2 protein chains.
Amino acid sequence: MATQKDVAERAGVSFITVSRVINGLDNVKPETRNRVEAAIKELNYHPNRQAQALNHGLTHTIAFVTPRMYDLPLYSNFFVMSLLSGVELKGRELGWDILLTTDYDLEGSFDFLRVWHQRKVDGLVFVGFQRFPMEQKGAIEERGIPCVSISDRIESPAISWVDTDNRAAARDAVARLFSMGHRSFAFIGIDADRDYNPNIIEREKAAAEALAERGLAQRRLISESSTPSTGIAAAQAYVAMERRPTAIISGNDSIAFHFIGESARHGLLCPRDYSIVGFDAEPAGRLSTPTFASYEQPLVDMGKTAIGLLVERIGGEAWERKTIEFPMRFVEGGSLGPAPADSHFLSASPKP
Amino acid sequence: MATQKDVAERAGVSFITVSRVINGLDNVKPETRNRVEAAIKELNYHPNRQAQALNHGLTHTIAFVTPRMYDLPLYSNFFVMSLLSGVELKGRELGWDILLTTDYDLEGSFDFLRVWHQRKVDGLVFVGFQRFPMEQKGAIEERGIPCVSISDRIESPAISWVDTDNRAAARDAVARLFSMGHRSFAFIGIDADRDYNPNIIEREKAAAEALAERGLAQRRLISESSTPSTGIAAAQAYVAMERRPTAIISGNDSIAFHFIGESARHGLLCPRDYSIVGFDAEPAGRLSTPTFASYEQPLVDMGKTAIGLLVERIGGEAWERKTIEFPMRFVEGGSLGPAPADSHFLSASPKP
DNA sequence: CTGAAAGCGCTAACAC
DNA sequence: GTGTTAGCGCTTTCAG
């Protein structure tokens with residue numbers, strides 16, 4: 001590995017001149033600069049970031065912190081991957097590398113600030129911040145650790161966040177289904193005790209509100225059992241219902257996938273027997289029959305924005321907290337149809 | 001940020017003793033050690049990795065290098081994410097962090113060794129190695145850069161690889177379909193000029209071989225047009241065929257998804273009109289109707305193995321190149337059925 | 001068992 | 001314009 005010293009020798013200057021050249025300082029004679037640059041090329045010299053960081057303190061690396069990905073449902077893959085892509089892409093553009101910090105121990109022992117303490121990164125992007133152990137969160141404000149949260153609206157004045165307008169989307173879903181004649185609604189949520197997903201929580205609340213404004217109540221499809229899939233459990237509950245709702249709002253697309261599949265196995269078909277709308281607009285929803293109506297979050301853009309804020313924060317003297325809300329976009333799909341005739345409200349035992 | 005010096009002062013020793021304690025050297029009196037450890041706790045001291053690396057040269061970080069993820073089809077997400085999960089998980093276990101190096105410029109200007117030259121990482125895990133610009137590859141052997149390839153069987157004596165037995169799986173697919181009565185086969189591949197996927201290439205070759213052994217030929221479903229989706233293009237070609245094959249082997253599950261969807265739109269149903277088998281066993285294949293027959297790669301394990309090899313390589317004096325082939329596992333699915341009656345061979349214009 | 005000195009590769013202050 | 005001197009936080013000799 002070539003060092004500044006090697007380059008300096010070859011160019012016949014002192015190593016400090018090399019430092020000046022690579023840092024683009026202007027007090028170097030053009031001719032000297034050229035000689036140095038030639039030597040850099042010849043020796044394939046790259047500045048040692050570790051050594052640089054030791055001086056001015058910047059590693060030019062950012063941590064992407066999120067609960068473990070590998071054992072999460074498909075949804076999380078798409079969701080997390082899209083965010084990560086945005087973070088990575090914009091990061092590269094700005095000259096920052098991304099370090100993964102994904103190990104999350106459910107027992108709460110995850111030391112997610114380790115990489116910061118070790119000075120491996122200059123800041124952190126969080127996805128699913130609320131899920132992380134409380135003790136460490138205090139340190140962020142105390143020590144002024146630069147970080148940004150995605151999809152979690154953190155109260156702390158030290159933390160900017162980026163999120164989508166889940167409420168507006170959920171309200172739109174209700175309005176849309178209502179205008180198609182639906183009067184009996186259910187929401188497929190998650191068990192808040194066993195899982196945490198701020199998006200789904202917001203969607204459920206807003207949908208309930210919008211229904212209340214129309215004088216309707218929202219039923220909740222969720223099983224307490226530890227069924228591996230929320231969607232399947234919800235479908236089983238649905239099939240067993242007395243007067244089945246005709247309009248289903250699913251916490252997200254992944255849950256809807258499972259719901260539709262399991263319901264079909266019991267003879268209940270979409271959109272014949274019910275309509276369903278999800279969130280996140282997963283690509284798979286474009287391939288299925290019927291296609292899925294959904295609301296799309298600009299995930300890649302959210303990732304990009306998050307890292308933009310973070311880099312600003314890290315470099316900035318006059319930093320200011322920002323909270324950014326993106327709109328969601330409705331994506332058409334065949335899973336939405338008119339409310340079926342009254343018979344469907346009745347608990348006729350569905351054919352298997 | 002507390003430094004060794006701070007800890008030393010508090011513990012009433014010299015900073016060198018602190019260094020010994022955090023490095024677990026044994027020449028420290030137990031009592032002194034305790035004092036130092038207490039001080040470390042109190043000050044929440046973490047060793048500065050940058051400074052450590054500057055000395056012994058190890059960053060304890062590894063680069064995960066792969067073509068851009070965000071604009072690739074769903075398949076890549078699942079595939080890459082699973083590998084990445086394995087890498088991340090095992091890396092953490094061994095005390096290594098993962099740096100993403102995912103930006104891949106199709107024009108070939110991607111400087112994928114940058115992070116190594118900058119000494120941000122001690123080694124690299126490659127996915128899709130063959131796609132990277134040739135010029136830089138020479139440097140790997142020359143400079144002895146530690147790296148491991150996943151899913152690409154690199155010839156270089158400097159590069160270990162981890163892969164699956166795609167050939168055996170493809171042969172098994174042929175045997176399976178043959179034993180169900182199928183005698184007319186097609187493979188959905190990719191256009192090698194526009195895309196590169198070593199898995200799919202191997203699968204196609206091996207399937208053709210297995211068919212040849214049975215005196216059968218393999219047709220190829222692939223469009224030259226720049227249709228966004230290989231699967232959709234293949235389905236369109238399929239629908240237009242004179243004597244349609246009844247057994248389809250798809251390069252991977254993602255392609256099969258699109259194929260089935262588009263074929264259905266033209267009135268050709270699976271498994272009534274044809275059987276199809278894919279590779280990778282994507283989770284979505286468990287949710288669809290019919291479910292997908294597929295071959296599963298142990299992706300997480302492959303990722304784990306890769307990083308294991310790499311860490312061995314980095315630390316090892318007596319390093320030895322290893323090439324590891326994992327088996328694939330057949331996953332049952334409803335997309336496989338008996339060969340349909342002869343009529344299906346004919347080019348009856350399918351009902352739309 | 002503990003400490004002092006040197007140096008990893010680089011940058012920031014100050015000379016010349 | 002260019003070089004010299006310190007020092008970032010740590011580890012690695014070598015002394016005591």
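Chain letters run A, B, ... following the sequence lines, proteins first and then strands; every chain starts at 1. Model, not experiment: these values are computed from the prediction.
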Legend entry - From B:Gln50 atom CD to B:Gln52 atom CD, the distance as rounded to the nearest 0.5 Å: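 It is 10.0 Å, given to the nearest 0.5 Å.
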Inset, instruction - Supply the atom-to-atom distance A:Arg49 CZ to A:His60 NE2, rounded to the nearest 0.5 angstrom. - result: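 If we round to the nearest 0.5 Å, A:Arg49:CZ and A:His60:NE2 are 5.0 Å apart.
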Kindly say if [X] contacts the phosphate of [N], meaning a side-chain N or O under 4.0 Å from OP1 or OP2.
X: A:Gln52; N: C:dT11; answer: yes
X: B:Ser14; N: C:dT2; answer: no
X: B:Gln4; N: D:dT11; answer: yes
X: B:Thr17; N: C:dC1; answer: no

Inset, instruction - May I ask you to check if A:Arg119 and A:Trp116 form a cation-pi contact, with NZ or CZ under 6.0 angstrom from the six-membered ring centre and within 45° of the axis? - result: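 Pair A:Arg119/A:Trp116 counts as cation-pi.
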Legend entry - Any residue meeting salt bridge (charged side-chain N to carboxylate O under 4.0 Å, His left out) with B:Glu155, in chain and number order, not counting sequence neighbours: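 If we apply the salt bridge (charged side-chain N to carboxylate O under 4.0 Å, His left out) test to B:Glu155, skipping adjacent residues, there are no hits.
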Inset, instruction - Report the relative orientation of the aromatic rings in B:Phe112 and B:Phe126; use parallel for angles under 30°, tilted for 30 to 60°, perpendicular for over 60°. - result: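 The arrangement is perpendicular - the two ring planes meet at more than 60°.
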Between [N] ([atom2]) and [X] ([atom1]): distance, integer Å:
X: B:His117; N: C:dC10; atom1: NE2; atom2: P; value: 13 Å
X: B:His56; N: D:dT12; atom1: NE2; atom2: P; value: 7 Å
X: B:Asn48; N: C:dC8; atom1: CG; atom2: P; value: 18 Å
X: A:Arg20; N: C:dA13; atom1: CZ; atom2: C1'; value: 10 Å
X: B:Leu58; N: D:dG9; atom1: CG; atom2: P; value: 21 Å
X: A:His60; N: C:dC10; atom1: NE2; atom2: P; value: 14 Å
X: B:Ile40; N: D:dC10; atom1: CD1; atom2: P; value: 10 Å
X: B:His46; N: D:dG9; atom1: NE2; atom2: C1'; value: 15 Å

Inset, instruction - Please assess A:Lys5 against A:Glu9 for the test salt bridge (charged side-chain N to carboxylate O under 4.0 Å, His left out), listing each intermediate value before the final yes or no. - result: CA-CA 6 Å; A:Lys5 218 170 93 186; A:Glu9 268 170 31; 5.4 Å; no
Inset, instruction - For the pair B:Arg321 (side chain) and B:Ser156 (backbone), establish whether a donor and an acceptor sit closer than 3.5 Å, ignoring hydrogens and angles. - result: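 The answer is yes, because a donor-acceptor pair under 3.5 Å joins these two groups.
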Legend entry - Pairwise 5' ranking along DNA chain C for B:Thr32 and A:Gln50, keeping only the more 5' one: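 On the 5' side of the pair lies B:Thr32.
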Could you go over nucleotides 5-8 of chain D and give all protein N or O partners under 3.5 Å, atom names and distances?
{"from": "D:dG7", "atom 1": "N2", "to": "A:Asn55", "atom 2": "OD1", "distance (Å)": "2.6"}
{"from": "D:dC8", "atom 1": "O2", "to": "A:Asn55", "atom 2": "OD1", "distance (Å)": "3.3"}
{"from": "D:dC8", "atom 1": "O2", "to": "A:Asn55", "atom 2": "ND2", "distance (Å)": "3.4"}

